[in-house]
**Student:** 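This is the structure, below, for whatever I ask next.
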Number of protein chains: 2
Amino acid sequence: MSKVGIRDVAKLAGVSTGTVSRVLNDHPSVTKELRARVGGIINDLGYLPDPSARSMRSKVSRLIGIVIPDLTNPFFAELVQSAEQAAANHGYNIIVMTSFDHAAKEADRIRQLTSRKVDGIILVPSNDFHTIKLPKGLPIVVVDRLMPGYSGIAADHRNGVRLGVEHLLKLGHRRIGFISGPGHSVPANDRLRGYLDAIEEADGSAAMAGPPLIAEAAFDYESGRSAGNYLLARARNERPTAIFASSDQQAIGCMRAAHDLGIPIPAALSIVGFDGIPLASMTTPRLTTVKQPIQEVAAAAVAVLLNKQTAPELDNPILFACELLKGETTSPPQPD
Amino acid sequence: MSKVGIRDVAKLAGVSTGTVSRVLNDHPSVTKELRARVGGIINDLGYLPDPSARSMRSKVSRLIGIVIPDLTNPFFAELVQSAEQAAANHGYNIIVMTSFDHAAKEADRIRQLTSRKVDGIILVPSNDFHTIKLPKGLPIVVVDRLMPGYSGIAADHRNGVRLGVEHLLKLGHRRIGFISGPGHSVPANDRLRGYLDAIEEADGSAAMAGPPLIAEAAFDYESGRSAGNYLLARARNERPTAIFASSDQQAIGCMRAAHDLGIPIPAALSIVGFDGIPLASMTTPRLTTVKQPIQEVAAAAVAVLLNKQTAPELDNPILFACELLKGETTSPPQPD
DNA sequence: TTGTATGCGTTATCAG
DNA sequence: CTGATAACGCATACAA
């Protein structure tokens, strides 16, 4: 009952190992009936092909690696989960690794994955990613945080943010703060540009009353809280009446900050987040946010790696549209 | 620059492939200097041993599988991340899979992992887990949701809950509601028993004034909200003055419910959660919660699978102590 | 201590 | 369409 190999199946079926192999990989050149019989034996014996042997010969591991900055971030968790589903549909499995937003660790993870001989890598670059020397010949698709020079797939952050800011503008807000992403990363810039797009379109002068209302922050709760404190620490008539945060976690941290300062939401401050994580509908009050189509992004990434879909051109990423989810953190501004 | 194999290294180092192999696996019987020289060549050439070939010979894949109900749950996400770290320290990698709390999917995932020839599996059983026929010979360690008959590792839920409930009792609460876990799972029961332990110890009669204050719910936000609604939908003098939730997500959902009912926290209702996820300190007000030592649990699970630590006896799990994190959702009860 | 040679379980190449 | 057989890249028993 221990190790049943392909030869056992072959013997019991009265065929050669070659035939069994062909059945296994449903090679077209096998009779229907023979395929059926051999298939039956395979099942009866509970035979499972050895992936190592298989991979050694075929040079295909049916493994794909995914490297993300932080699994604790619900957004990435959902990304990984979606990728796992998509991969499983094609008989592939996922190896996860965390870079902790640290370039050196990230490079190491990619090295590990390479030596693992995965068939491809889905990478969400760390914030201080500086063009790692990627192993040539190993398909890599950059996701969410696009990098110039790499084949990428992501949500359309720019237009997504614009959607959210336009919503605030329509409500009548004119001093709209913005918590941006960290550093000069592409997604941070994209989101910032979405903000600027909306502001400019709505007539820059009216919108930008007062000093710059932009704060830079990492995407986590705590950074959002600090940024919120910073933006809200000014006289009431100079303080933003609304804030757009570049992540839901930032937005939630910002809500904390507002609460600590005694600023009621949405009465005295409207907040819009970005990502659309499930938690957004559980905060008090419910967070208005821009939802990213994570599952679509993940599925597309997997499809590209498995050549089920043509890879996007360098510097011409595949983008998926975002959607505004109205919650309870937005309302018209109070008069000063 | 393409495929450099062990023979290339051997040739260039002027030794046999056997020696290179021994260096690779740091077999003791190799001269220090030879080891150094060969190691150098290996580095220079950027040689990476092929894991498939390696695994085929040695019967060790250096892969371990982890099956969890839902990666979107921050608790499991952290568990996976911790496991990944622990495994990496030993040169192992992690394949993640989600069961979506569905027994059939769970069985399928385990089958996949088995055929993948992973060296071990870390399993957080689904809620409707019914004793899956686990493949013999493959080490499996059940984590968090212990199952009778399996080698398990977890936080000490029972005493952890007790800690939280005792805190409420000390504050003066006597009508303490409890949101339990789903079904009749072991962890749900453990937590329930912790609750009962504390209540009984504090003198049952005084504590249990009124009808039973226990609501069953899944561990997610929404279920916590429903359970909260259920517990709070009664006359003020019968309604609990405090609620202990079996997960932080439940607790947050419950806060939502309280807010929707116009019940201020902690003034009219104290809430304590369980898990200690990072988000707990970002809610408004900050959630008081019982923190599980996830990292320790994950590390222990990995250690057991790699035989770095003796496996716990069946039905005699390894337990790690929890810790109470005081937030702002608890205060003495108001008089009725 | 080191070299030699064999086989791990499959797939792919050729014949037939 | 199917059978026989040679790799695949490495680890290990055995010989030296």
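In the text below, chain A, chain B and the rest are named by the order of the sequence lines, each starting its count at 1.
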**Student:** Counting neighbours of CD on B:Gln295 that are heavy atoms of other residues, nucleotides or ligands and sit closer than 6.0 Å, is the number greater than 12?
**Tutor:**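 Check fails, neighbour count at 12 or below.
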**Student:** Mind calculating the distance between CG (A:Leu24) and C1' (C:dT11) to the nearest angstrom?
**Tutor:**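 Taking CG of A:Leu24 and C1' of C:dT11, I get 10 Å after rounding.
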**Student:** I need the residues from residues 30-38 of chain A with at least one non-hydrogen atom less than 4.0 Å from DNA chain C; give them sorted by number, or say none.
**Tutor:**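 Residues of residues 30-38 of chain A that come under 4.0 Å of DNA chain C do not exist, since none gets that close.
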**Student:** Which nucleotide, C:dT11, D:dC8, D:dC10, lies nearest any side-chain atom of B:Ala53?
**Tutor:**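 My answer, after comparing the listed nucleotides, is D:dC10.
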**Student:** Looking at every strand, decide which applies to B:Arg22 at a 4.0 Å heavy-atom threshold: base, sugar-phosphate, or nothing.
**Tutor:**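 Answer is base: heavy atoms of B:Arg22 come under 4.0 Å of a base.
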**Student:** Just N and O in the side chain of A:Lys59: are any of them under 4.0 Å from OP1 or OP2 of C:dA12?
**Tutor:**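 No.
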**Student:** Please state how far atom CD1 in A:Ile6 lies from atom C1' in D:dC8, giving the value in whole angstrom units.
**Tutor:**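 Those two atoms, CD1 and C1', are 15 Å apart.
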**Student:** Would the distance check show the side chain of A:His90 and the main-chain N or O of A:Tyr92 forming a donor-acceptor pair, the cut-off being under 3.5 Å?
**Tutor:**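 No.
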**Student:** What is the minimum heavy-atom distance between A:Arg35 and A:Pro28, and which atoms define it?
**Tutor:**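 Of all heavy-atom pairs spanning A:Arg35 and A:Pro28, the closest is NH2-O, 4.2 Å.
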**Student:** Taking atom P of C:dT11 as reference, at what distance in whole Å does atom CG of A:Asp26 sit?
**Tutor:**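 The answer, rounded to whole Å, is 11 Å.
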**Student:** To the nearest 10°, give me the bend of the helix from C:dT1-D:dA16 to C:dG16-D:dC1, comparing the axes of its five terminal pairs at either end.
**Tutor:**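 Both end axes considered, the difference amounts to 30°.
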**Student:** If I compare all heavy atoms of B:Lys117 with all of A:Leu48, which pair ends up nearest, and what's the gap?
**Tutor:**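 Scanning both residues, the minimum pair turns out to be NZ-O, 4.5 Å.
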**Student:** Could you check which of D:dA11, C:dG3, C:dT11 has an atom nearest any side-chain atom of B:Thr17?
**Tutor:**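 The answer is D:dA11.
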**Student:** For A:Asp50 and D:dC10, give me the distance from atom CG to atom C1', rounded to whole Å.
**Tutor:**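 So the two atoms are 14 Å apart, to the nearest Å.
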**Student:** Report the distance from atom NE2 of A:His27 to atom C1' of C:dC14, rounded to the nearest whole Å.
**Tutor:**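 Value for this atom pair: 13 Å.
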**Student:** May I ask you to say whether A:Asp108 pairs ionically with A:Arg111, meaning some side-chain N is under 4.0 Å from a carboxylate O?
**Tutor:**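 Salt bridge between A:Asp108 and A:Arg111, a charged N being under 4.0 Å from a carboxylate O: yes.
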**Student:** Would you say C:dT11 has OP1 or OP2 under 4.0 Å from some side-chain N or O of A:Arg54?
**Tutor:**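 Yes, because at least one side-chain N or O of A:Arg54 sits under 4.0 Å from OP1 or OP2 of C:dT11.
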**Student:** Do you know which two heavy atoms are closest between B:Ile66 and B:Ile94, and how far apart they sit?
**Tutor:**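 Scanning both residues, the minimum pair turns out to be CG2-CG2, 3.4 Å.
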**Student:** Send over the distance from B:Arg7 CZ to C:dT6 P, rounded to a whole Å.
**Tutor:**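 About 14 Å, once rounded to whole Å.
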**Student:** Measure from the side-chain heavy atoms of B:Pro49 and tell me the nearest of D:dG3, D:dC10, D:dT5.
**Tutor:**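 The closest nucleotide is D:dC10.
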**Student:** Identify, between A:Ser21 and B:Gly18, the residue whose nearest nucleotide on DNA chain C lies closer to the 5' end.
**Tutor:**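 Upstream on the strand: B:Gly18.
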**Student:** Just the rounded figure in Å: distance from P of C:dG9 to CZ of B:Arg57.
**Tutor:**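 Answer to the nearest Å: 10 Å.
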**Student:** Would you name the heavy atoms of B:Val118 and B:Leu138 that are closest together and state the gap between them?
**Tutor:**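 Scanning both residues, the minimum pair turns out to be O-CD1, 3.3 Å.
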**Student:** Tell me yes or no: between the side chains of B:Asn93 and B:Arg62, is some donor less than 3.5 Å from an acceptor?
**Tutor:**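 Result is no, nothing qualifies.
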**Student:** Among the nucleotides C:dT10, D:dC1, D:dC10, which one has an atom lying closest to any side-chain atom of B:Tyr47?
**Tutor:**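 Among the listed nucleotides, the one closest to the side chain of B:Tyr47 is D:dC10.
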**Student:** Take atom CG of B:Asn25 and atom P of C:dT1, then tell me their distance rounded to the nearest Å.
**Tutor:**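 Going from B:Asn25 (CG) to C:dT1 (P), I get 16 Å.
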**Student:** Look at all strands and tell whether B:Val20 reaches a base, only sugar-phosphate, or nothing, counting heavy atoms closer than 4.0 Å.
**Tutor:**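 Nothing: the residue B:Val20, judged by heavy atoms under 4.0 Å, touches no strand.
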**Student:** Taking only side-chain nitrogens and oxygens of B:Ser16, does any of them come within less than 4.0 Å of OP1 or OP2 of C:dG3?
**Tutor:**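 Yes, because at least one side-chain N or O of B:Ser16 sits under 4.0 Å from OP1 or OP2 of C:dG3.
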**Student:** Looking only at heavy atoms, what is the nearest atom pair of B:Ala301 and B:Val141, with distance?
**Tutor:**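 It is O-CG1, 3.9 Å.
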**Student:** Base, sugar-phosphate or nothing for A:Thr19? Non-hydrogen atoms, less than 4.0 Å.
**Tutor:**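 It contacts sugar-phosphate atoms only.
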**Student:** Donor-acceptor pair, A:Ser58 side chain versus A:Arg54 backbone, under 3.5 Å?
**Tutor:**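 Yes, A:Ser58 side chain to A:Arg54 backbone: donor-acceptor pair under 3.5 Å.
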